[in-house]
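Everything on this sheet refers to the single structure shown next.
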Protein chains: 2
Amino acid sequence: MATMAEVAREAGVSVATVSRLLNQQGTVSPNTAERVYAAIQKLSYEPNLLARNFRKSESRVILILAPNVTNPYYAHILSGIGDAAAGQGYAALIFTTGDDPAREREALEMLKKHRADGAILIASDMGCNWLLEYADRYPIVQCSEYDPEVDIPHVSIDNYQATQESMEYLIALGHRRIAIISAENAYISTSLRVKAYRDTLARHGIAPREDYIAQASRDYSFKSGKWRAKELLGIDPRPTAIFCISDTLALGAITAAKELGLRVPQDVTVVGFDDVEHTTMLHPYITTVAQPCYELGKQSAHLLFARMTQGKEIPRQTLLKHELIVRESSAPPDLLE
Amino acid sequence: MATMAEVAREAGVSVATVSRLLNQQGTVSPNTAERVYAAIQKLSYEPNLLARNFRKSESRVILILAPNVTNPYYAHILSGIGDAAAGQGYAALIFTTGDDPAREREALEMLKKHRADGAILIASDMGCNWLLEYADRYPIVQCSEYDPEVDIPHVSIDNYQATQESMEYLIALGHRRIAIISAENAYISTSLRVKAYRDTLARHGIAPREDYIAQASRDYSFKSGKWRAKELLGIDPRPTAIFCISDTLALGAITAAKELGLRVPQDVTVVGFDDVEHTTMLHPYITTVAQPCYELGKQSAHLLFARMTQGKEIPRQTLLKHELIVRESSAPPDLLE
DNA sequence: TCGTTTACTGTAATCGATTACATCATTCAT
DNA sequence: ATGAATGATGTAATCGATTACAGTAAACGA
């Protein structure tokens with residue numbers, strides 16, 4: 001592999017000139033430029049990024065931490081980040097943490113070691129004390145989940161507002177016995193959704209029943225959604241609607257209903273969250289709150305770049321638009337039951 | 001950020017000693033080691049990977065090219081690669097190509113520029129002449145798809161054998177009018193599956209009907225599967241079974257059947273391929289050929305590492321085990337129809 | 001016309017690690 | 001006891017780019 005020095009020799013100039021030309025720093029006469037380009041061509045020279053990055057003390061890599069890459073919700077965010085990064089000449093290093101804070105921390109060490117210039121944390125639910133230390137020293141932004149107590153810039157949606165809208169929708173349809181399938185995690189999205197669920201019921205004079213509040217596994221697994229839904233549907237009086245905080249859970253709930261011989265939406269309404277995949281794969285198509293996943297990722301990346309170039313003077317919170325998409329899994333409760 | 005020189009000064013030794021200790025090269029007396037470790041602790045020193053990688057002329061990064069990261073099939077492969085890479089102290093740089101050879105090539109330039117030490121190509125269908133040039137000079141392996149004409153090491157499954165088994169299964173069930181939904185791409189998996197479909201029918205004395213062979217979109221989209229299935233199910237005589245070369249297509253076919261008022265599997269059998277997600281989300285659970293996606297990724301990474309350390313003396317082809325998983329979407333044809 | 005700006009180019013230091021080679025003190029084998 | 005092997009450590013070159021600084025020549029302004 002040819003080096004810049006060889007190119008310089010071939011073109012009869014100094015390395016400084018070659019470097020200046022390639023980086024558009026300073027000036028180089030057209031004549032010289034031509035000779036240099038010819039030399040580059042001839043030797044098929046490619047700059048050595050190891051050397052360049054070392055010298056400039058930047059890696060042009062951004063770290064992305066996600067619980068996993070197989071959940072389509074994360075995958076779409078990753079997609080958005082990846083495209084935005086590529087657009088700025090950055091590469092995205094993806095680390096999966098499996099929700100393990102230790103692995104998360106280990107990955108963040110990469111910042112200290114100069115393997116990455118910044119990091120985006122997707123759905124990291126630990127606003128631990130130590131995270132703040134990193135965020136203080138390195139460019140870090142959070143995507144989708146965050147700790148409201150901790151001052152780290154983040155991009156998300158308004159989970160409270162979104163849930164409230166769904167609940168208003170269900171109540172407007174005539175539902176009064178509304179259950180919720182939440183999840184066993186400490187995500188801010190989860191708690192905001194549950195809070196909005198309670199608040200909205202209360203505001204409409206409907207007393208929340210504790211047994212209508214179920215918790216699925218922390219990763220919103222289809223199976224746990226199915227089990228919890230079966231339990232909910234076994235309660236007397238049976239809820240007429242189930243609000244699920246993810247589409248996978250909603251899919252589980254629909255399956256549970258079918259296995260119990262109930263029709264969706266005639267016998268029970270199911271509403272999901274995320275609008276990611278599956279929602280229009282099998283009937284009934286799921287009524288759900290759509291999150292702009294790709295855009296969440298993209299904006300996170302832009303926010304990170306802003307943080308890297310402009311320092312800490314960037315907005316603390318960016319909320320993107322959600323949208324309630326009414327499809328087939330919701331209907332007014334059957335009053336004749 | 002402390003440098004090794006500062007650590008050396010603090011410990012009263014030379015940088016060479018510190019480096020030797022950290023890299024377990026040569027020998028360092030226990031006494032000195034202790035002082036160095038203390039200094040490292042005190043200054044909270046972290047080696048600068050930019051410098052280290054530059055000096056050693058390796059990036060400890062492997063490139064991963066995939067059409068996208070949202071298709072769960074790719075996502076699971078990515079997962080396997082990521083874990084294997086992390087286990088070897090490598091980071092995985094994921095580039096999405098959108099099936100665009102130009103972007104693929106652009107990404108491979110990273111090898112020349114020393115941004116990555118090797119690359120894994122997932123489902124890249126161009127065994128173009130130029131790819132071989134890269135593979136000749138840099139460690140490159142292919143995962144899942146490959147060009148049989150081109151000598152690049154790859155990891156995949158035996159698509160021909162797998163399809164043959166599925167066809168034998170359908171024929172054993174009693175099906176004779178078997179259709180196939182293939183896809184408009186040049187993947188080796190696609191052509192092997194279609195070939196096995198034809199061959200197996202022929203071997204059983206069943207003349208393949210050209211109108212039973214449909215082609216969905218190149219990315220196996222759910223919608224295109226649905227459209228193609230509707231067309232197939234409109235043919236007289238109607239096929240009693242549809243073999244789909246992906247689960248997403250199978251899901252589309254099932255939806256199509258339902259929309260036409262046909263029951264699966266009573267009226268039509270549907271078989272998928274991949275066993276990735278969705279297959280057990282809604283009834284009928286799909287009968288499918290399971291691919292060990294995660295393992296495909298893992299083995300690809302191991303193969304790449306072998307290529308990087310042992311040079312070109314590595315197996316050209318690695319085939320992993322598939323498995324036909326019979327679930328609910330397949331049954332004998334209804335003889336009373 | 002003379003001092004000054006501008007355009008262009010080169011020299012050499014620099015980033016922070018790794019490592020070949022040299023040095024010196026022990027330990028060992030005979 | 002002596003030359004050799006071994007252990008522990010230091011000196012300094014090196015990787016390939018970027019860039020501060022300096023220098024030269026031409027253009028310019030008054």
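Just so we're on the same page: letters track the sequence lines, and every chain starts at 1.
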For nucleotides 4-8 of chain D, tabulate all protein N/O to nucleotide N/O atom pairs closer than 3.5 Å, reporting atom names and distance.
from, atom 1, to, atom 2, distance (Å)
D:dA8, OP2, B:T27, OG1, 3.3

Using atom names, set out every protein N or O paired with an N or O of nucleotides 4-6 of chain C below 3.5 Å, distance rounded to 0.1 Å.
none

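Rounded to whole Å, atom P of C:dA17 lies 6 Å from atom CG of B:N48. Summarising the geometry, the separation between CZ on B:R60 and C1' on C:dA17 is reported as 15 Å, rounded to the nearest angstrom. The distance from atom CZ of B:R9 to atom P of C:dG16 is 12 Å, rounded to the nearest whole Å. The distance between atom NZ of A:K113 and atom P of C:dG16, rounded to the nearest whole Å, is 16 Å. In this entry the distance linking CZ of A:R35 with C1' of C:dT9 reads 11 Å, nearest Å. Taking atom CZ on A:F54 and atom P on D:dC15, their separation rounds to 13 Å, with Å as the unit. Rounded to whole Å, the distance from CG on A:N53 to C1' on C:dC15 is 12 Å. Whole-Å rounding puts the A:L50 CG to C:dG16 C1' distance at 14 Å.
Ring-plane geometry between B:F305 and B:Y90 is classed as tilted, the angle between the planes lying from 30 to 60 degrees on a 0 to 90 degree scale. Taking the six-membered ring for Trp and thresholds of 30 and 60 degrees, A:Y134 and A:W130 have ring planes more than 60 degrees apart, a perpendicular arrangement.
Annotation: ring pair (Phe, Tyr, Trp, His ring centres under 6.0 Å) contacts involving residues 47-66 of chain B, sequence neighbours excluded, comprise A:F54-B:F54.
Applying the side chain to side chain contact (heavy atoms under 4.5 Å, CB included) rule to A:K312 yields the partners A:D136, A:R307; only residues at least two apart in sequence or on another chain are considered.
To the nearest 0.5 Å, atom CZ of residue A:R52 and atom CG of residue A:L50 are 11.5 Å apart. With rounding to the nearest 0.5 angstrom, the OG atom of B:S144 is 11.0 Å from the CD1 atom of B:I188.
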- Would you sort out whether A:K298 and A:D83 count as a salt bridge (charged side-chain N to carboxylate O under 4.0 Å, His left out), showing the intermediate values? CA-CA 7 Å; A:K298 203 165 166 182; A:D83 288 352; over 6 Å; no
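At its two ends the helix from C:dT1-D:dA30 to C:dT30-D:dA1 runs along axes set 30° apart, each axis drawn from five pairs and the angle rounded to 10°.
Looking only at atom types and distance, the side chain of A:S156 has no donor-acceptor partner in the side chain of A:Q317 under 3.5 Å away.
Summarising the geometry of B:V15 relative to B:A5, their closest heavy-atom pair is CG1-CA, 3.6 Å, with the distance given to 0.1 Å.
When each of B:R115, B:E109, B:H114 is checked for a side chain to side chain contact (heavy atoms under 4.5 Å, CB included) with B:K112, only B:E109 meets the rule. A:E58 pairs with exactly one of A:R55, A:K56, A:R60 by the side chain to side chain donor-acceptor pair (under 3.5 Å) rule, that one being A:R60.
Side-chain contact between A:E106 and A:D100 is absent, with no heavy-atom pair separated by less than 4.5 Å. When side chains are defined from C-beta on, B:L63 counts as touching B:F95, because their heavy atoms get closer than 4.5 Å.
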- Task: Treat primed atoms plus P, OP1 and OP2 as sugar-phosphate and everything else as base, then score nucleotides 18-25 of chain D 5' to 3': B for base contact with protein heavy atoms under 4.0 Å, S for sugar-phosphate contact only, - for none.
- Result: BB------
